[in-house]
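A short write-up of the structure that comes next.
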Amino acid sequence: MDKLSIRDLNLTGKRVFIRADFNVPLENNKVADDTRIRATLPTLRLAIERRGRLVVASHLGRPKGKPDPKYSLAPVAARLKELLGRPVVFSSDCVGQEALSRSQALKNGDLLLLENLRFHPEEEKNDEQFSRQLASLCDNVFVNDAFGAAHRAHASVVGITKFVAQAAAGLLMEQELSYLGKALTVPERPFLAILGGAKVSDKIGVIENLMKIANAMLIGGAMAYTFFRAKKFTTGKSLVEEDKIDLALTLLGEARERRFRIVLPVDHVLARSPDDTATQIAGVEATPADWMGLDIGPKTIASFRSEIAAAKTIVWNGPLGMFEKPAFASGTLAIARAVAEATAAGATSIVGGGDSVAAVEQVGVAKKISHISTGGGASLEFLAGQKLPGVEALTSREV
Ligand code: AMP
């Protein structure tokens, strides 16, 4: 990587501002899923080992620029203390006198967690004065480990980097960039992309970019229906983005010109509504008017499985059906197993997006995936070939 890494920094006795992604779900004032906190532990442990004085900050949820106890990071402080097995000091505001004096009181290896950055509207506005205030909490060193926020030009991601001497990537950030970066630049082939989820519109950039890089793409989930309409199939009550049908047609045409294989489902599981468990399996060409497609069918699963088994690089984002409902989960879960099997046989697999990650966890194969991306939006932008402002803002190695 051409950006400075936390591994390059001398942190002894220095206050280091670490931007983490602790945007975790809370339930009854407790962290309901600590995956994101665990993902940043290696970075925190390294900074502690190097005798730094850690000032750690994150956003959580969308508190709309003002303090809201529902989005407090206090439960994160409690969980972090358990995970690290050492004290965590908490500041009830991320800027101001309390934060400043607590940061100044830190000793080597101590950790201060700041309250939610988004309690201040200036965070999302990338406000210069606010960025300067954040920077005043550290001794000129900033580490960004929040890959999940790297596509946002916010004060704690971009603004702060102007007011420090060194802005480096944390270990999680490095790992994310390394896996995704390799897939886009030097993938082992065949390189297979698997896309699902609700909307084509969220993934247009990814489809266009991966068409130039990958060898083939499997498309499932609701987004397949917009492509079916482009192919003049009837789709009944299936979810279709009417205003994206022309675009889907263009993408199919582009793929044909590039000799790029877009593989769509050939059969699917239908129901009259997502809550109806009376289902039928049918081909995809003609869905009856009052039925909707909610999962890929067995023939599609078989063909997707053999594509996956042959791949050497696999990038998967988005469920292949409405997998939250057990009646429509088989396709997504079968794909999760197939990706894990291919990985065991030597492929590199990258799974991103909340639902696909939940699926690999549900079938108990998360550990078998080469890399689980913690940042849904950021990984999609990266796969779409866009530069992430939070990465661009880091200090280049040669400086
Ligand atoms: P996304 O946020 O775009 O990744 O979409 C995820 C959502 O797409 C999940 O909540 C799924 O239930 C939904 N989804 C996937 N396939 C279908 C489908 N065939 N019909 C309706 N919803 C679907």
Side-chain angles (χ1 to χ4, degrees), residues 23 25 62 148 151 193-207 210 217-231 233-245 247-248 251 263-285 287-301 304 315-336 339 350-362 372-384:
N23 185 23
R62 296 172 189 270
H151 57 317
I194 311 169
L195 295 182
K199 291 184 178 167
V200 181
S201 48
D202 290 345
K203 293 180 179 126
I204 300 166
V206 179
I207 299 173
L210 290 187
M217 180 178 291
L218 313 180
I219 293 184
M223 60 187 278
Y225 294 86
T226 304
F227 286 94
F228 290 154
R229 283 285 289 283
K231 290 166 86 76
F233 298 173
T234 59
T235 52
K237 286 198 296 188
S238 309
L239 215 58
V240 168
E241 282 175 280
E242 297 287 340
D243 61 339
K244 294 289 176 297
I245 295 173
L247 175 85
L251 289 171
V263 187
L264 291 165
V266 291
D267 62 346
H268 57 174
V269 181
L270 301 170
R272 286 198 170 82
S273 87
D275 296 315
D276 199 342
T277 46
T279 61
Q280 58 165 310
I281 290 163
V284 292
E285 288 82 3
T287 300
D290 53 345
W291 289 75
M292 63 197 300
L294 291 158
D295 194 9
I296 52 174
K299 284 187 191 145
T300 304
I301 292 177
F304 281 15
V315 170
W316 176 24
N317 191 304
L320 298 145
M322 196 182 260
F323 94 111
E324 306 92 313
K325 308 247 179 207
F328 311 111
S330 309
T332 302
L333 300 182
I335 295 313
V339 172
I350 304 170
V351 177
D355 293 310
S356 328
V357 174
V360 295
E361 279 168 358
Q362 199 176 319
I372 293 197
S373 181
T374 51
S379 60
L380 284 180
E381 288 200 14
F382 194 91
L383 290 171

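Values in this document were obtained by computation on a predicted structure and should not be read as measured data. Starting from 1, each residue takes its place in the sequence as its number. Heavy atoms only: backbone and side chains are in, while hydrogens, waters and symmetry mates are out. Counting convention: from 1, in listed order, for ligands and their atoms alike.
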Would you mind checking which non-hydrogen protein atom is closest to [atom], with the distance to 0.1 Å?
atom: atom 21 (C) of ligand 1; result: Met322 CE, 3.7 Å
atom: atom 19 (N) of ligand 1; result: Gly293 O, 3.0 Å
atom: atom 23 (C) of ligand 1; result: Ala222 CB, 3.8 Å
atom: atom 14 (N) of ligand 1; result: Gly321 O, 3.8 Å

Worksheet item: Where's the contact between Asp355 and ligand 1, heavy-atom distance under 4.0 Å: side chain, backbone, both or neither?
Response: side chain
Fill in: Residue portion contacting ligand 1 (non-hydrogen atoms closer than 4.0 Å) for Lys203
side chain
Response to the item:
Between Pro274 and Met292 the two heavy atoms that sit nearest each other are CD-SD, 3.6 Å
Practice prompt. Work out which heavy atom in Thr226 is nearest to a heavy atom in Ala248; give both atom names and the distance.
Written response: O-CB, 3.9 Å
In ligand 1, which numbered atoms sit nearer than 4.0 Å to a non-hydrogen atom of [X]?
X: Ala198; answer: 1 (P), 3 (O), 5 (O), 6 (C), 8 (O)
X: Gly197; answer: 1 (P), 3 (O), 4 (O), 5 (O), 6 (C), 8 (O)
X: Gly221; answer: 16 (N), 19 (N)

Discussion item. If the threshold is 4.0 Å, N to carboxylate O, is there a salt bridge linking Arg229 and Glu241?
Written reply: no
Discussion item. Is the ring pair His268/Tyr225 parallel, tilted or perpendicular, if the boundaries are 30 and 60 degrees?
Written reply: parallel
Worksheet item: Quick one: does Val284's side chain get under 4.5 Å of Leu264's, heavy atoms only?
Response: no
Worksheet entry | Criterion side-chain contact (heavy atoms from CB on, under 4.5 Å) against Ile296, the qualifying member of Val269, Ile281, Ile301 | Ile301
Fill in: Single hit among Val206, Ile207, Val263 for side-chain contact (heavy atoms from CB on, under 4.5 Å) with Met217
Ile207
Practice prompt. Pick whichever of Glu324, Lys237, Lys325 has a heavy atom sitting closest to atom 12 (O) of ligand 1.
Written response: Glu324
Worksheet item: Out of curiosity, is Gly353 lining ligand 1, as in a heavy atom under 4.0 Å away?
Response: no
Discussion item. Please check: side-chain N/O of Thr332 versus main-chain N/O of Pro319, any donor-acceptor pairing under 3.5 Å?
Written reply: no
